[in-house]
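What follows is a single structure, written as structure tokens, with notes after it.
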Amino acid sequence: MIEIQQLSLFPPRTVEELVEDIEKLTKEIQDLYSLDEIPWILGYSGGKDSGTVVQLIWNAIAALPTEKRKKKIYVITTDTLVENPIVSGWVRKSLERMKSAAQEQELPIEPHLLYPDIKDTFWVNLIGKGYPSPRHRFRWCTERLKISPSNRFVRDVVRVNGEVILVLGTRKGESTKRAASMEKHEVGRVSDRLSHNSNSLKSLLYQSPSLPNALIYSPIQDWRTDEVWIYLNQWQNPWGNSNKDLFAMYRGATADNECPLVIDTSTPSCGSSRFGCWVCTLVNKDKSMEAMIQNDEEKEWMQPLLDIRNELDIEDDDDKRDFRRIWGYVQLFERNVEDEKTEVQPIPGPYTKFWREHWVRRVLEAQTQVRKTAPPEMRDITLITNEELSEIRRIWLEEKHEFDDSLPKIYQEVTGEPFQDTRPGADRTLLGSDEWTVLAEICEEDTMYLELMAKLLDTERQYYTKSRRTGIYDDLEKYFESSSRSKEDAIQKAHNQRDFKQAANEGNVETIKTRVQGLDTIQNEVAKPKDTSKQLSWGSLKFPSNDVDDSEGEDGDN
């Protein structure tokens with residue numbers, strides 16, 4: 001059905017008609033480039049569509065006289081650090097060749113490879129903070145890995161120049177969803193801001209909905225997929241890449257889309273693209289990597305990556321996750337289990353300590369293995385950077401208060417080398433694995449008690465060196481509230497709060513009275529005079545004794 005719609009929207013053209021369209025596009029690009037001083041930013045992913053656009057722009061500008069090639073053209077690529085290694089290598093080499101060729105040909109083209117902030121990378125969020133593998137209901141990766149790095153670069157250019165033109169390789173023929181998204185944005189098209197005199201350029205540009213002062217130009221939006229390949233195979237790549245090698249890289253998979261430059265959340269997910277992140281769990285399978293491994297023995301070294309991706313792709317992973325949300329409290333949701341029957345359950349939170357340690361071990365094992373089995377040109381592959389490992393370690397130590405400091409030990413066990421943490425003061429600690437072992441023995445199998453004691457002790461340690469201890473009581477109170485109850489008690493409390501709120505909304509007076517009476521009883525118990533002759537400790541609260549008070553026993557003996 002989709003194919004029929006695409007064919008009706010974009011009927012086949014002869015090669016002569018395509019050539020004529022390319023000539024018109026070349027003139028259009030040259031006119032638009034020469035209109036003003038607004039710099040251009042070309043989104044390049046290394047795929048066929050973005051490669052076509054860069055090639056069209058390159059050839060058009062190269063045909064201009066040298067004195068007219070004054071306006072800067074930036075070519076940007078975002079490396080999420082979890083890209084398909086084959087594609088990532090291809091893109092890196094492409095950008096290197098672009099830079100060299102642009103200098104030789106005296107073109108104002110400047111390639112840039114962008115990265116997400118360390119705090120936003122995939123492994124820092126999944127292994128460090130414990131975020132579950134991305135799903136359509138919780139697609140936390142796109143904003144952090146793709147949108148933020150590219151938008152940050154665009155805003156920097158806008159800050160200096162006032163405006164910018166984004167040139168993208170998006171095509172309506174890629175999918176009905178992409179076509180609908182582009183049509184939606186076309187409502188806000190503008191061109192008069194750039195040219196008040198040229199009617200031929202009207203409706204070529206439209207305002208980005210998420211980036212003020214950024215105009216978007218999509219020169220091949222009406223091209224068909226076969227026309228893209230005709231162009232790439234018939235017109236030589238001007239910066240020295242082999243378009244035939246690109247075609248060979250695409251061959252063998254089912255989908256034919258690429259992962260575009262993402263500038264807002266309306267852009268469809270890269271999950272349906274041929275080449276995207278190798279950890280992507282937004283689709284059922286990574287068909288591109290599977291095809292590469294199956295069709296080429298020289299690419300079998302990527303199997304450990306595919307295994308990790310498939311291990312992450314488990315729909316029901318509640319047993320691997322905390323029963324509380326990442327901020328430490330139980331949050332309930334209502335779901336349908338059967339017809340007209342619902343069930344209220346806690347929303348699972350981040351991965352537990354055990355599983356976060358498991359994932360860092362698995363990634364390091366895969367990295368160690370592929371560095372031994374990959375072809376020589378891929379032996380320096382990095383699946384997780386040292387900076388990411390350092391940030392993960394910091395989160396575990398400072399935010400999760402896991403002072404056993406397990407990451408260096410895991411790194412040593414897997415790689416056989418000591419972990420070099422460049423973060424200042426990373427190895428200066430008052431609490432360590434020995435103290436954690438003692439605490440674990442005292443708490444026996446009570447994980448919540450262990451968690452609470454670790455948070456209290458480490459919070460005191462963190463405030464110990466500060467000149468002002470403002471906020472320590474708030475932190476301690478927060479940890480008592482989130483970690484002092486058993487799983488069952490915490491979930492029951494959440495249910496009680498939900499029932500009370502629901503009764504209040506429905507005006508159920510009896511339920512509210514019952515709840516209030518229960519609170520009054522608790523408050524009366526708290527208000528009773530207490531024997532202060534014996535100091536009350538957390539240990540006596542956690543493990544109350546049923547024995548007679550020592551002082552009373554001594555009095556009785558006397």
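All residue numbers refer to positions in the sequence shown, counting from 1. Values below: every heavy atom of this structure, side chains too, minus hydrogens, waters and symmetry copies.
Of all the heavy atoms in R171 and I220, the pair that sits closest is CG-O, 3.1 Å. Among all heavy-atom pairs drawn from D79 and S88, the shortest one is OD2-OG, 3.9 Å. W239 and G51 get closest at one heavy-atom pair: CH2-O, 3.9 Å.
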Self-check item: Worked verdict on H495 versus V330 for side chain to side chain contact (heavy atoms under 4.5 Å, CB included)
Solution: CA-CA 9 Å; H495 277 281; V330 176; over 6 Å; no
Quiz item: Do R152 and E143 pass the salt bridge (Lys or Arg N to Asp or Glu O under 4.0 Å) test, and can you show the C-alpha distance, the side-chain angles, and the key distance before you say yes or no?
Solution: CA-CA 12 Å; R152 185 166 57 246; E143 174 75 32; over 6 Å; no
Self-check item: salt bridge (Lys or Arg N to Asp or Glu O under 4.0 Å) between K487 and D322, intermediate numbers included
Solution: CA-CA 10 Å; K487 176 179 178 180; D322 200 320; over 6 Å; no
Practice problem: Decide yes or no on side chain to side chain contact (heavy atoms under 4.5 Å, CB included) for W223 and Y231, but give the supporting numbers first. | Solution: CA-CA 10 Å; W223 281 33; Y231 175 75; 3.8 Å; yes
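Checked for salt-bridge contact, D317 and R321 meet the test: a charged N lies under 4.0 Å from a carboxylate O. The existence of a salt bridge linking D313 and R309 is confirmed by a sub-4.0 Å separation between a basic side-chain nitrogen and an acidic carboxylate oxygen. Salt-bridge check for R423 with E398: passed, with a basic side-chain N closer than 4.0 Å to an acidic carboxylate O. With salt bridges taken as basic N to acidic carboxylate O contacts below 4.0 Å, none links R92 and E96. Ion pairing between E290 and K299 fails under the 4.0 Å rule for side-chain N and carboxylate O. A salt bridge links D427 with R393: at least one charged nitrogen is closer than 4.0 Å to a carboxylate oxygen. Under 4.0 Å is where a charged nitrogen must lie from a carboxylate oxygen, and between K409 and E413 no such pair does. Between R356 and E402 there is a salt bridge, since a side-chain N of the basic residue sits under 4.0 Å from a carboxylate O of the acidic one. A salt bridge links E399 to R394: one of the charged nitrogens lies within less than 4.0 Å of a carboxylate oxygen. Ion pair E481/R485 flagged as a salt bridge, since at least one NZ, NE, NH1 or NH2 atom sits closer than 4.0 Å to an Asp/Glu carboxylate oxygen. Salt bridge absent: D307 and R362 never bring a charged side-chain N and a carboxylate O closer than 4.0 Å.
Around atom NZ of K320, more than 12 heavy atoms belonging to other residues, nucleotides or ligands sit under 6.0 Å away. Environment of OH in Y464: sparse, with no more than 12 heavy atoms of neighbouring residues, nucleotides or ligands closer than 6.0 Å.
At least one test fails for K146 against the ring of W140: distance under 6.0 Å to the centre or angle within 45° of the axis.
With a 4.5 Å cut-off on side-chain heavy atoms, K455 and H401 count as touching. At a threshold of 4.5 Å between non-hydrogen side-chain atoms, the residues K372 and W301 do not count as touching. No side-chain heavy atom of P346 sits under 4.5 Å from any side-chain heavy atom of R324. Taking the side chain as every heavy atom from C-beta outward, Y463 and D475 approach each other to under 4.5 Å. Here the side chains of I76 and L42 are not in contact, with every heavy-atom distance at 4.5 Å or above. Side-chain contact check for V167 versus I41: every heavy-atom pair is 4.5 Å or farther apart. Side-chain contact between K493 and D489: absent, with no pair of heavy atoms (C-beta onward) separated by less than 4.5 Å. Taking 4.5 Å as the limit, every side-chain heavy atom of E444 sits out of range of all side-chain heavy atoms of L450.
Atom OG1 of residue T77 and atom CE of residue M98 lie 6.5 Å apart, to the nearest 0.5 angstrom. Interatomic distance, Q55 CD to Y44 OH, rounded to the nearest 0.5 Å: 9.5 Å. Taken from CE in M292 to CG in L306, the straight-line distance is 12.0 Å, to the nearest 0.5 Å. The OH atom of Y449 sits 8.0 Å away from the CG atom of L439 when rounded to the nearest 0.5 Å. Here the OH atom belonging to Y115 is positioned 11.0 Å from the CD atom belonging to E387, to the nearest 0.5 angstrom. Rounding to the nearest 0.5 angstrom, the gap separating the CG atom in D226 from the CG atom in N233 is 11.5 Å.
For the residue pair D421 and S390, a side-chain donor N or O sits within less than 3.5 Å of a side-chain acceptor on the partner.
Residues satisfying the side-chain hydrogen bond (donor to acceptor under 3.5 Å, both in side chains) test with Q331, not counting sequence neighbours, are R325. Remark: Y74 pairs with H112, F153 by the ring-ring contact (aromatic ring centres under 6.0 Å, His included) rule, at least two apart or across chains.
Remark: side-chain polar atoms of W90 are paired, donor with acceptor, to backbone N or O of G46 under 3.5 angstrom. The main-chain N or O of D245 is found under 3.5 Å from a side-chain atom of S242 such that the two form a donor-acceptor pair.
Here Y351 and H358 keep their ring centres 6.0 angstrom or further from each other.
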All N/O donor-acceptor pairs, side-chain side in residues 124-131, below 3.5 Å, sequence neighbours left out:
from, atom 1, to, atom 2, distance (Å)
N125, ND2, K119, O, 3.4
N125, ND2, D120, O, 3.3
N125, ND2, T121, O, 2.9
Y131, OH, R144, NH2, 3.4

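Using a 30° and 60° split on the angle between ring planes, F247 and W229 fall in the perpendicular class, above 60°.
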